[in-house]
Amino acid sequence: MTSAFMGQQRFDMSRVIERTFGAISANAATLLLAALLFAGVPTAVLNLISAGWVADGNWVGAFFAGLIGMVVSLVCGILLQGVVTHTVVTDLLGRKATLSDSMDAAMRSFWMLLAVGIVSGIAIAIGAVFLLIPGIFLALIWFVVGPVVVAERADFGQAFSRSMKLTENHRWVILGLIVIYAIASWVLMIPVNIIAAIAGGGLGSVSPIATIVSAVFQALFSLIGAAGVAAVYVELRTVKEGGGRDSVAAIFE
């Protein structure tokens, strides 16, 4: 078990980071398996197929591989979000969730997560394309819409309104966490890509080894990101509602 809930009045960025990695450490087997299954393996397989077709000059095949990859990534991303959210929130409530438990929660929430994911993704993309600020704003107010669906079993409208309420007055610090995560991911991927390329035959090369190594680390970054969102949700519940462990645990009853 990671750090317990205590009533808080202030959003603490360091506590979110501590809870994120604490929950991952405490549930390493479940979460790493989920990350590899839903992020690492699909990414590696699709990248290898696409790279092979590009090498053979089959640009049509590569195009369709990209389209299939988008669909697979969407489905697997939703399942990963559901599994990680349930596992992390359950851990932070002082309980243990098996992979089977978290998979059940993810499947139960799948269609609602898909609906809110598509709608929020399109809205955020439109806001970012036409004017960056609205896209960022929508991303922040809907930041915990996924955990709300999984943890509280909220319906479509409730998920968005609940996320808006929880993130209110805390969106700048959430933006700060996003920036930290983005910078850290970018910095860490530089040596990973260099090592993967060298191991695969040299810089600029595309090889199975390079693709697999990159996919594994991308799975880890996806896991950290999903766990971080769940930890932010927990922090917001604690800050906004003074959620002691028992009161917040009731959402799973």
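- V88 and A227 make their closest contact through CG2-CB, 4.0 Å (heavy atoms, listed as atom of the first residue, atom of the second, distance).
- Nearest heavy-atom pair across G40 and A219 is N-CB, 3.5 Å.
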Begin from the C-alpha positions of I17 and L177 and carry the test side chain to side chain contact (heavy atoms under 4.5 Å, CB included) through to its verdict.
CA-CA 9 Å; I17 296 173; L177 284 168; 4.1 Å; yes
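- To the nearest 0.5 angstrom, S161 atom OG is 11.5 Å from W142 atom CH2.
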For F143 and L236, what are the C-alpha separation, side-chain angles and deciding distance, and is it a side chain to side chain contact (heavy atoms under 4.5 Å, CB included)?
CA-CA 11 Å; F143 190 74; L236 290 171; over 6 Å; no
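- Looking at every heavy atom in both residues, G146 comes nearest to Q81 through CA-NE2, 3.4 Å.
- With E235 as reference, R15 is the one residue of K240, R15, H170, R10 to meet the side-chain hydrogen bond (donor to acceptor under 3.5 Å, both in side chains) rule.
- Atoms CG and CG, on L220 and L31 in that order, are 11.0 Å from each other to the nearest 0.5 Å.
- The heavy-atom pair separating S102 from A97 by the smallest distance is OG-CB, 3.7 Å.
- Interatomic distance, L99 CG to L33 CG, rounded to the nearest 0.5 Å: 5.5 Å.
- Side-chain contact check for V145 versus M164: every heavy-atom pair is 4.5 Å or farther apart.
- The side chain to side chain donor-acceptor pair (under 3.5 Å) contacts involving residues 171-187 comprise T167-R171, where partners must be two or more places apart or lie in separate chains.
- To the nearest 0.5 angstrom, L113 atom CG is 10.5 Å from R108 atom CZ.
- When atom types are taken as modelled, the side chain of S120 and the backbone of G117 share a donor-acceptor pair closer than 3.5 angstrom.
- Side-chain contact between I224 and F21: present, with at least one pair of heavy atoms (C-beta onward) separated by less than 4.5 Å.
- Annotation: ring-ring contact (aromatic ring centres under 6.0 Å, His included) contacts of F137 (sequence neighbours excluded): none.
- At least one side-chain heavy atom of V119 sits less than 4.5 Å from a side-chain heavy atom of F156.
- The two residues R19 and A231 have their closest heavy-atom pair at CB-CB, 4.2 Å.
- Considering only heavy atoms from C-beta on, V84 stays 4.5 Å or farther from I24 through its side chain.
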Show, in sequence, the C-alpha distance, side-chain angles and deciding distance for L223 and L32, and conclude whether the side chain to side chain contact (heavy atoms under 4.5 Å, CB included) test is met.
CA-CA 8 Å; L223 169 58; L32 289 174; 3.9 Å; yes
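- Annotation: side chain of P147 is not in contact with side chain of E152 (no heavy-atom distance under 4.5 Å).
- Closest approach of A34 and V83 over heavy atoms only: CB-CG1, 3.7 Å.
- Looking at Q218, its side chain never comes within 3.5 Å of a backbone N or O of A39 through a donor-acceptor pair.
- Atom CZ of residue F11 and atom OG1 of residue T238 lie 10.0 Å apart, to the nearest 0.5 angstrom.
- The number of heavy atoms from other shown groups lying within 6.0 Å of CZ (F217) does not exceed 12.
- Screening D91, T98, T90, T87 for a side-chain hydrogen bond (donor to acceptor under 3.5 Å, both in side chains) with N27, the sole residue that qualifies is D91.
- Clustering ILVMFWY residues whenever any of their side-chain heavy atoms sit less than 4.5 angstrom apart, transitively, puts I141 in a cluster other than the one holding I133.
- If you take OG on S109 and CD1 on I78, they are separated by 10.5 Å, rounding to the nearest 0.5 Å.
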